[in-house]
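Values reported hereafter were calculated over all heavy atoms of this structure, with side chains retained and with hydrogens, waters and symmetry mates removed.
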Amino acid sequence: MLKLILRRNVKSGLIGGKKFEVHSRIETDKDLVALFKGYPDELVLAYKSIWADRSLSLKRSEFLRGTKFTVTSLNELIELEERLQSAFDQVRRMIEIVETFQTDIALEL
C-alpha cells in the first residue's frame, strides 16, 4: 500500500493576509530508502508556478521523508497539490520499475 498524505494548515501572514502550509509525506509498508539505495536521487517535481513568481523542485528523498511547503494563495495551493499528485505518480512508477528489473515487461498499445 502506497499513500500520499497531505496536511493543510492556514497561518496568519503579515498585514492580515493568510499563508497556507502543506505538509506532504508518503506512507507505505515498504522500505523505500533501502529499495532506492544505490540509485541517483532524482527530481520528481520541478515547475514554475503560474500563480506566483516562484519555482519549486523536489528530489525523491525529500518527498519520501516528508516536506513542508508554504504558499500565499488558494490558487497556488491547488496548483501545488496537483503537482504533488503528479510527483507521487512518478515515485510510484519508479518503484514499479526498480521492483521489476530482471523480468520481462509486456507493453500493449
Side-chain angles (χ1 to χ4, degrees):
M1 171 85 50
L2 190 68
K3 294 182 196 175
L4 173 62
I5 307 296
L6 300 176
R7 187 177 70 232
R8 301 179 192 133
N9 292 315
V10 178
K11 301 271 183 177
S12 295
L14 297 175
I15 313 171
K18 300 282 186 194
K19 291 197 180 246
F20 307 97
E21 289 182 346
V22 176
H23 298 262
S24 71
R25 74 184 192 303
I26 292 179
E27 274 189 6
T28 183
D29 54 354
K30 299 178 183 183
D31 184 357
L32 297 181
V33 173
L35 180 70
F36 287 112
K37 186 175 182 174
Y39 291 93
D41 191 13
E42 300 179 72
L43 287 174
V44 293
L45 178 64
Y47 75 97
K48 180 168 177 24
S49 175
I50 61 172
W51 301 105
D53 188 21
R54 175 191 327 251
S55 294
L56 195 135
S57 63
L58 184 66
K59 289 190 170 190
R60 184 181 57 234
S61 63
E62 297 168 324
F63 197 38
L64 294 179
R65 76 173 161 259
T67 190
K68 178 177 86 169
F69 304 94
T70 302
V71 296
T72 58
S73 73
L74 291 173
N75 282 324
E76 271 188 278
L77 178 68
I78 292 167
E79 178 185 41
L80 173 62
E81 288 182 357
E82 288 173 352
R83 300 298 179 121
L84 288 170
Q85 177 64 48
S86 176
F88 179 68
D89 293 339
Q90 184 77 3
V91 169
R92 183 179 338 169
R93 185 73 178 113
M94 287 177 169
I95 292 167
E96 290 171 6
I97 290 169
V98 170
E99 288 179 333
T100 59
F101 277 127
Q102 307 300 324
T103 61
D104 293 336
I105 306 296
L107 302 175
E108 294 184 31
L109 298 176

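Put simply, CG on Asp41 and NZ on Lys59 are 5.0 Å apart, with the number rounded to the nearest 0.5 Å. Put simply, NE2 on His23 and CZ on Arg7 are 4.5 Å apart, with the number rounded to the nearest 0.5 Å. Atom-to-atom distance recorded for Thr70:OG1 and Leu77:CG is 11.0 Å, nearest 0.5 angstrom. Taking CD1 of Ile26 as the start and CD1 of Ile95 as the end, the distance is 6.5 Å to the nearest 0.5 Å.
Contact detail for Leu43 and Ser57: the closest heavy-atom pair is CD2-CB, 3.9 Å. Between Phe69 and Ser24, the closest heavy-atom pair is CE1-OG, 3.8 Å. Heavy atoms only, all atoms of each residue included: Ser12 and Lys18 are closest at OG-NZ, 4.5 Å. The two residues Leu4 and Leu84 come nearest to each other via the heavy atoms CD2-O, 3.8 Å.
Residues Arg25 and Leu64 are not in side-chain contact: their nearest non-hydrogen atoms beyond the backbone lie 4.5 Å or more apart. Taking 4.5 Å as the limit, every side-chain heavy atom of Leu58 sits out of range of all side-chain heavy atoms of Tyr47.
Grouping Ile, Leu, Val, Met, Phe, Trp and Tyr residues whose side-chain heavy atoms lie under 4.5 Å apart, directly or via other members, places Ile50 in a hydrophobic cluster with Trp51.
Applying the side-chain hydrogen bond (donor to acceptor under 3.5 Å, both in side chains) rule to pairs touching residues 79-91 yields Arg8-Glu81, Ser49-Glu79, Gln85-Asp89, Asp89-Arg92, sequence neighbours excluded.
Using cut-offs of 30° and 60° on the angle between ring planes, the pair Phe88 and Phe63 is perpendicular.
Under the 4.5 Å side-chain contact rule for hydrophobic residues, Val10 and Leu6 share a cluster. A single hydrophobic cluster is not seen to contain both Leu45 and Ile78; linkage of ILVMFWY side chains at heavy-atom distances under 4.5 Å, directly or through other members, places them apart.
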Which is it for Met94 and Phe36 under the side chain to side chain contact (heavy atoms under 4.5 Å, CB included) test, yes or no, and what are the steps along the way? CA-CA 9 Å; Met94 287 177 169; Phe36 287 112; 4.0 Å; yes
Assess whether side chain to side chain contact (heavy atoms under 4.5 Å, CB included) is satisfied between Arg60 and Leu32, documenting all intermediate values. CA-CA 10 Å; Arg60 184 181 57 234; Leu32 297 181; over 6 Å; no
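For the pair Lys19 and Glu21, the salt-bridge criterion is not met [side-chain N within less than 4.0 Å of a carboxylate O].
The backbone N or O of Thr72 lies less than 3.5 Å from a partner atom in the side chain of Glu76, making a donor-acceptor pair.
More than 12 non-hydrogen atoms from other residues, nucleotides or ligands lie less than 6.0 angstrom from NZ of Lys48. The environment of CG in Asp29 is crowded: more than 12 heavy-atom neighbours from other residues, nucleotides or ligands sit within 6.0 Å.
Judged by distance alone, the side chains of Thr100 and Glu96 never bring a donor and an acceptor atom under 3.5 Å apart.
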